[in-house]
Structures are given as C-alpha cells and as structure tokens.
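So the structure is just underneath, and the comments pick up after that.
By convention in this document, chain letters (A, B, ...) are assigned in the order of the sequence lines, proteins followed by strands, and residues within each chain are numbered from 1.
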2 protein chains.
Amino acid sequence: MKTKKRITIYDIAEKLNITASSVSRALNNSNHVNEATKNLVLKTAAELNYKRNVLASNLRMGKTKTIGVVVPRINQNFFSNVIAGIEDATYQKGYNLIICQSNESRDKEIKCINTLMNQHVDCIVISVSVESDDHTHLKNVIDQGVQLIQFDRVAEELETLKVINDNEQASMEAVTHLIEQGYKRIALLEGPQNLNIFRQRKIGYLNALEKFNLPVINELVIENAWTKELGAAATRKLLSLPEPPDAIFASTSDFSALGVLDVAHAMHIKVPSELGILGYANEPFTEITTPSITTIDQFSVNMGKTIANLYFEEMENHEVAVTPKVISIKPQLIIRASTRKKK
Amino acid sequence: MKTKKRITIYDIAEKLNITASSVSRALNNSNHVNEATKNLVLKTAAELNYKRNVLASNLRMGKTKTIGVVVPRINQNFFSNVIAGIEDATYQKGYNLIICQSNESRDKEIKCINTLMNQHVDCIVISVSVESDDHTHLKNVIDQGVQLIQFDRVAEELETLKVINDNEQASMEAVTHLIEQGYKRIALLEGPQNLNIFRQRKIGYLNALEKFNLPVINELVIENAWTKELGAAATRKLLSLPEPPDAIFASTSDFSALGVLDVAHAMHIKVPSELGILGYANEPFTEITTPSITTIDQFSVNMGKTIANLYFEEMENHEVAVTPKVISIKPQLIIRASTRKKK
DNA sequence: TTTGGAATGGCAATCGATTGCCTGAATTTA
DNA sequence: TAAATTCAGGCAATCGATTGCCATTCCAAA
C-alpha cells in the first residue's frame, strides 16, 4: 500500500474550480475572499483532510513558530521544570520547542545556537553555560533579528529580555534567617563567579552580614563548591578549621548542601543544633533528607511560563521597542529542620 | 542598521559565474561536479558565510532531520534523563529534537502527534500516556511512513521498534531479593494495568512468589498506588490489616516507596527490620532517605542513547524490512538499607 | 449616464535548494 | 579515425504556500 499523496491547496483549488490563491486566502481567513467561497474551501479542506504543509509555509513566511531552548542540562530538575513550563504555555499557542543542552560547554553552546539559527527559530531562550564568558554568539542572535530571552543565568551586559530570580534578595533573606536563628559564623559555598546568579547570591550574603554587623571571615567563603562532592570537600575543610562555622549556606545548589549534610553525618555533628545547613533550589529531595533541608524555591515551572508569556507579549507589542524588559521573580525561602535551631 | 540579506546558493553561483545547480551539487559533495569547481564553491561559501536554508531544503527533500519526542512529563526524572540521552546521541548526527509532553492525557498525546506529523519529523519517539488505550493515532504515524519508536511504556500490539526495560525480570529479582532477606508477606503496590510496564512488574512479582511457593494474598496487592500520596494511603491500609505485610514492593515508582517510608516513620515501624521497602526507578533521592531505599535502576540516559542509535541503524539498513526490532535493557537491582534485613 | 470604489478572483513571482534530463566537450576504445 | 563513454555544467521543474498587482464585476454616488 503506497503512502497516500498529501492534499495540497492545489487539490482543493482544482476541486472547487478556483485558484490556489483563493484557497490560501480562505484558509488564512483573509477578507480578500468571498464569505461563501471561504466556507466552501473550509468545508472541502475538512473533507479532504487537508493539512497545511508547514515546511512550505515556513519557507515562504520566513518564520517557523518554533522556539529554541538552550540549557546546560535537560535532566537537571530546575531546567526540566522550566522547560515543562515553557512547553505548557507555548503549546497552547501552537508553538513548538526545540531543545538543546550545552553540557556547560561554551563550544557546544555556540553550536546549539547555530543549529537553532539555521532552523530559523523565532526565538531563542537560553540559560548560559558556566563556561561562556564571551557572549558574541548571543549578540549574533540579536543582530540577526531573532528574539533572545535569557533566564536564570544571564549575560547581564546584553540588553535582552530576561527572566531571572532575585537571587540577591533571596540570599539575603536566607542568611538573615540563619542569623535570626542564632547562627554566628556562617560559611558560604559560592559558585563560579562568572555567573551572575552566584555573584548575586554572594552579595546577598555579604549584605546580610553587614546588616547585622557581623564580620566577613574570608576563610569561611569557599569558591566553586557547586556539586555534592565539592560541597562535601569544602565542608570537611571548613569543619576542621580552628574556629569552624556554625552554619553553612550552600548558595550553589541543594546538591552541594547535601554534601554538607553527608559530611556532618559522618562527623557526627548535629544538624541543626551544631551546624545549620541551607541550600538553594528546592530540589525534591531536600524535603526528605534527615533533617530536611532549608532551601530556596525558584518557582521553576512558573518561570518557564513567564518566559513564554513574555515572548508572546513582546510579539504583540512588536512595534513598541521599549527598553528590554527584565522580569524578576522573587524566590521563596523554605524553612525546614536543617536550620531550625531555636525552639 | 538593516539585517543583512542571507546568502543563498544563487549568490554564490552568480559570483562564480556558474548556476545554482552546480553550487548545490558542490555543497552536497556530489560527484557530478568538477573537483576544482567544488573546492571553489566551498571556498566561496565559507568566505560569504553561506548557511544552507534548512527550510527550503526540508521542503524540497520532504525530510527534516528532526525527531519528535512525546513523553508524559518532561520534568520527571526518568523521562528527562531519557531525553538527555537522546539529545546527546542525535545532536552528533545533526538531528534536532522537538519535545512535547502529553501530561498523561490521551487528547494531548494525539495533539502532540499531530503537531509532530505536521512538522514532518522523520521519527517519533514516544512513551505513551496512562490514558491512551486506543492507539489509532500511533497507527496513523506508521501508515504515513514515519518511523515510530516506542520506549518504556509501549503499546505492545503495535509492531514498531521498541526500547524497553525487562520489567518482569527486574521485578522478579527484586521480589526474590526480598524473599531471600527473609520477608514473608510481601505486598505489591501496582500501577495502572493498562500500561505494559505495570503489568509486567506484577507478573514478575507473581512469578517470584510462585518460585518460592509463597501464596498470593489478594489483600496485599493494591491497585493504582503510583504517587507518593497513593502509596502512603495504601500503606496505611496495609499496615492496619490484621496480618500486615512485612515488606512492600512499590513497583510503580520510588515516589510511591517514599510514601510508604513516610507512613512507616509516622507509625514508628522500623525499616528494614519490621518492614522492607523496595521502590522502582532509582530516583536520586532514594539514596539519601533514611534508611536509603532499595530500588531498580533503569539506565535511563543510556536508554535514550539506545533509542537514538536504533533509529540511525534503522535508517541505514532502511531497505531490509526485518521484523520490528525490540531492544530490552536489563535494569539493575540497587540494594540499599531499606531491605537489608539480614546482617 | 458616468465615475469611483469596493469586492473578489486570477496570474505569476517568490521563498532556496534539489535533481532529472539534456548538451557539448573531452577522453577512451575499437 | 570513428564511435562510445565519461565528465561537467546548464535548464527548468519541483517542493506548497503566500501575496502584490492586475482585471473584472457590481453597486452607489454624482
């Protein structure tokens, strides 16, 4: 059995004794066709089970109703949630999603962008990889007239639409919470400082200390501790100091906080009484560790939806070239057992 | 500053005083052009920063080097891992991925399939939603000559390429492990039986019992307990039986197992000594609960890669229409504290 | 009655890349 | 030397949908 030939507008045209132009106009609800003709075309199209050839349409129109998404890793809870949110919102508008992962590599990120550009996506949504300091490839996107939306990890100097968390504020609140619980020597596990999010979280930390007149102790600030293993290593180092910290803010991720917790367990240090632990991202597991981990929720699915809606708004106001919009979502501190020192 | 016009093969042709045909052939490495011309074209293309217009090419060729993926939920660990695996493997071959989520709804699944078909994807990879009993929409895909690959949750009666886990075997091993640990009254939390995976896991459970001459106790088999909440509810019910189980196999998911654990904690029942708990899927959190949960690893990322490679193989052997290949991946039992009864 | 416009439809070009077929030239074989 | 190949390039159609421009009809306003 041969694959049936697809129905085209020409088939409809032939059947109705009109031209493809009219069919096209009818299908696109143009007011350049007679109402009667329009209905006839619509009816016939339905009968013949006509499906517009998207490829042809894309070529002609130069747009694809497709959004490209580039994230460091698809299978990281935060990102997959954002993607789920984007999918949810874009699907309803008949948009498609092409997904790429940069694997935290600059090279791959560039290749992803190129692929997406070649696919003529209408918009690129990206959270930059840790490696990418130079943002020429993103500038190119803008120069080629493709809408660029950055989220979470953003290149701040680029004037694009951005959807971010208020990391500084969240971090500040988190540390404030620790101080209010009575912790006095609060260590910070910080992430790669070339990423805005980690810089901001550090600022929040510093601001909180300053607000409460606590000194910044350099040896309590550990660089690049953004995996479980690195978090664990940092913790071992911190806890073997002459004056160890009484709380650790793993500003990089909950995984890092998990590393902290593991080491604390191994060293028989009581959490939260002897050591407070605070993570970032509200990974599902933070709720079920013993003790459960205080963390910060980023409303990731919502973030995805916000991104999608931002794009659609921008499409509509298309003429009004306002200054690039930045939407900041306020994350929420989720207080759990790991920092509940006061009774 | 206007957006520069894109370079086309006609621009190259004009510059070199040849026709677009030759340029096209040169770019496609056809042996229908002179070697010298070919090099000249390649050189010029590079100079002018020519990029093939994929849309035009797609239209002409009728294929898109794009694979559509339909999963119930993108932000579910197993699926996002599979997707990550697929992305990894397809990316290298220059293929793109369009991702849809069915949200476990049959309607949405059908719509996803339609969208993907309209986008002329070369292949559709799907793990069916729990709702979809009728598979007409999948048959259509095949009839239209689009490669269909099912994974994990598959419609067994459809003769398509399949990449699955050996759920029966895994389940059997799991229950065997429980029995060997000395558990005697093993309860089963089963998933919707219209999904093959849950049917198979149940069979594995039954086989293991039979092998060891243990009776099947109907009141220990609980239907549809495939979320944390349902798992918890089932557990409450089970533990309040006159003769409660001494082990619970949450064959549906680790989340369900987590519900079991929660209830056990709440009821001060000791795990694993008084109650053994076994989950499914090796979710990251199973490692860090107290006690850690014994579970089954599905090699999800690998599964994704396998899917991609299966497609590419099939492409190459394209002529040889063998009986549809089924690749079964043997999952691995990960034994952890929650079932370690024997010392 | 004439003119102006609105409504409706057709024509043909266009979006770029691809490819079957044809032609003329160069090379090989008989 | 003549016939047969091979090589390399050009021509034009094709993949379908879209749209600017032109043509016709019909009705209303002058």
For a quick check of understanding: with a heavy-atom distance under 4.0 Å over all strands, which category does [X] fall into, base, sugar-phosphate or nothing?
X: A:Ser30; value: nothing
X: A:Asn17; value: sugar-phosphate
X: A:Arg25; value: base
X: B:Thr8; value: sugar-phosphate
X: A:Asn28; value: sugar-phosphate

Once the angle between the rings of B:Phe151 and B:Phe78 is folded into 0 to 90°, is it parallel (under 30°), tilted (30 to 60°) or perpendicular (over 60°)? tilted
Nearest heavy atom decides the nucleotide; on that basis, is B:His32 or B:Val54 closer to the 5' end of DNA chain C? B:Val54
Toward the 5' end of DNA chain C, which comes first, B:Ser22 or B:Leu59, by nearest nucleotide? B:Leu59
Value in whole Å for how far the [atom2] atom of [N] lies from [atom1] of [X]:
X: B:Ile9; N: C:dT19; atom1: CD1; atom2: C1'; value: 11 Å
X: A:Asn53; N: C:dC15; atom1: CG; atom2: C1'; value: 13 Å
X: B:Leu40; N: D:dA8; atom1: CG; atom2: C1'; value: 14 Å
X: B:Asn29; N: C:dT19; atom1: CG; atom2: P; value: 13 Å
X: A:Ile18; N: C:dC11; atom1: CD1; atom2: C1'; value: 15 Å
X: A:Leu16; N: C:dT8; atom1: CG; atom2: P; value: 17 Å
X: B:Ile12; N: C:dG16; atom1: CD1; atom2: P; value: 13 Å
X: A:Met61; N: C:dG16; atom1: CE; atom2: C1'; value: 17 Å

Taking N and O atoms by type only, does the side chain of B:Ser21 place a donor or acceptor under 3.5 Å from a partner on the base of D:dC11? yes
Is the count of non-hydrogen atoms from other residues, nucleotides or ligands lying under 6.0 Å from [X] atom [atom1] greater than 12?
X: B:Glu47; atom1: CD; result: yes
X: B:Lys139; atom1: NZ; result: yes
X: A:Glu14; atom1: CD; result: no

Kindly indicate whether a cation-pi arrangement holds for A:Lys15 with A:Tyr10, taking the cut-offs as under 6.0 Å to the six-membered ring centre and within 45° of the axis. no
With the side chain defined as heavy atoms from C-beta on, A:Asn34 is closest, among C:dA17, C:dT8, D:dT19, to C:dT8
Ranking D:dG16, C:dC21, C:dG10 by distance to the side chain of A:Tyr10, first place goes to D:dG16
Heavy-atom nearest nucleotide on DNA chain D for A:Ser57 versus B:Asn31: which residue maps closer to 5'? B:Asn31
When you check the phosphate oxygens OP1 and OP2 of D:dA8, does a side-chain N or O of B:Thr37 lie under 4.0 Å from one of them? no
Considering just the side-chain nitrogens and oxygens of B:Thr19, establish if one lies under 4.0 Å of OP1 or OP2 belonging to D:dG10. yes
Any donor-acceptor pair under 3.5 Å linking the side-chain atoms of B:Arg52 with those of B:Asn28? yes
